[in-house]
Amino acid sequence: MSGGGGTFGVVLDATFEVAPQMPMQMIAVILSEENTTATRAMLSVILNNSVQWTQEGWGSTIIPQSAIFVTPWLNSSAANESMGPLLDF
């Protein structure tokens, strides 16, 4: 990096490491904020299955009204079977 001083700089050279594309499976659940009963039920399903889903390779972002799960390890049919409790919710 070369710069003019302070916090200004110009990148003269950069190296990136890339990974090959891979299929990913994703499930997203979004609830209405007003429905606290559904929110509690969804969070209960998630808590009751979280260890199994982690072991199966799912990563997630969860807030009270929504949850997004992603995995590169399972194909579509295995992902549907794994997430059965949340899909049935």
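Remember, predicted model here, so these are calculated numbers, not experimental data.
Residue Met24 shares its hydrophobic cluster (ILVMFWY side chains chained together at separations under 4.5 Å) with Met22, Met26, Ile68, Val70.
Listed by first and then second residue, the ring-ring contact (aromatic ring centres under 6.0 Å, His included) pairs that reach into residues 59-81 are Trp53-Phe69, sequence neighbours excluded. Listed by first and then second residue, the side chain to side chain donor-acceptor pair (under 3.5 Å) pairs involving residues 77-89 are Glu56-Ser82, Trp58-Ser82, Asn75-Ser77 (not counting sequence neighbours).
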Can you list, pair by pair, the side-chain donor-acceptor contacts under 3.5 Å of residues 43-51, counting residues two or more places apart and other chains?
from	atom 1	to	atom 2	distance (Å)
Ser44	OG	Asn48	ND2	3.4
Asn48	ND2	Ser44	O	3.1
Asn49	ND2	Val45	O	2.8
Ser50	OG	Leu47	O	3.3

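Not counting sequence neighbours, the partners of Ala14 by the side chain to side chain contact (heavy atoms under 4.5 Å, CB included) test are Val11, Phe16. Every residue two or more places apart in sequence or in another chain that forms a side chain to side chain contact (heavy atoms under 4.5 Å, CB included) with Ser66 is listed here: Ile30, Ile63.
Scanning both residues, Gly57 and Pro72, for their nearest heavy atoms gives O-CD, 4.1 Å. Between Gln65 and Met42, the closest heavy-atom pair is C-CE, 4.3 Å. In terms of heavy atoms, Ala67 sits closest to Ile62 at CB-CG1, 4.1 Å.
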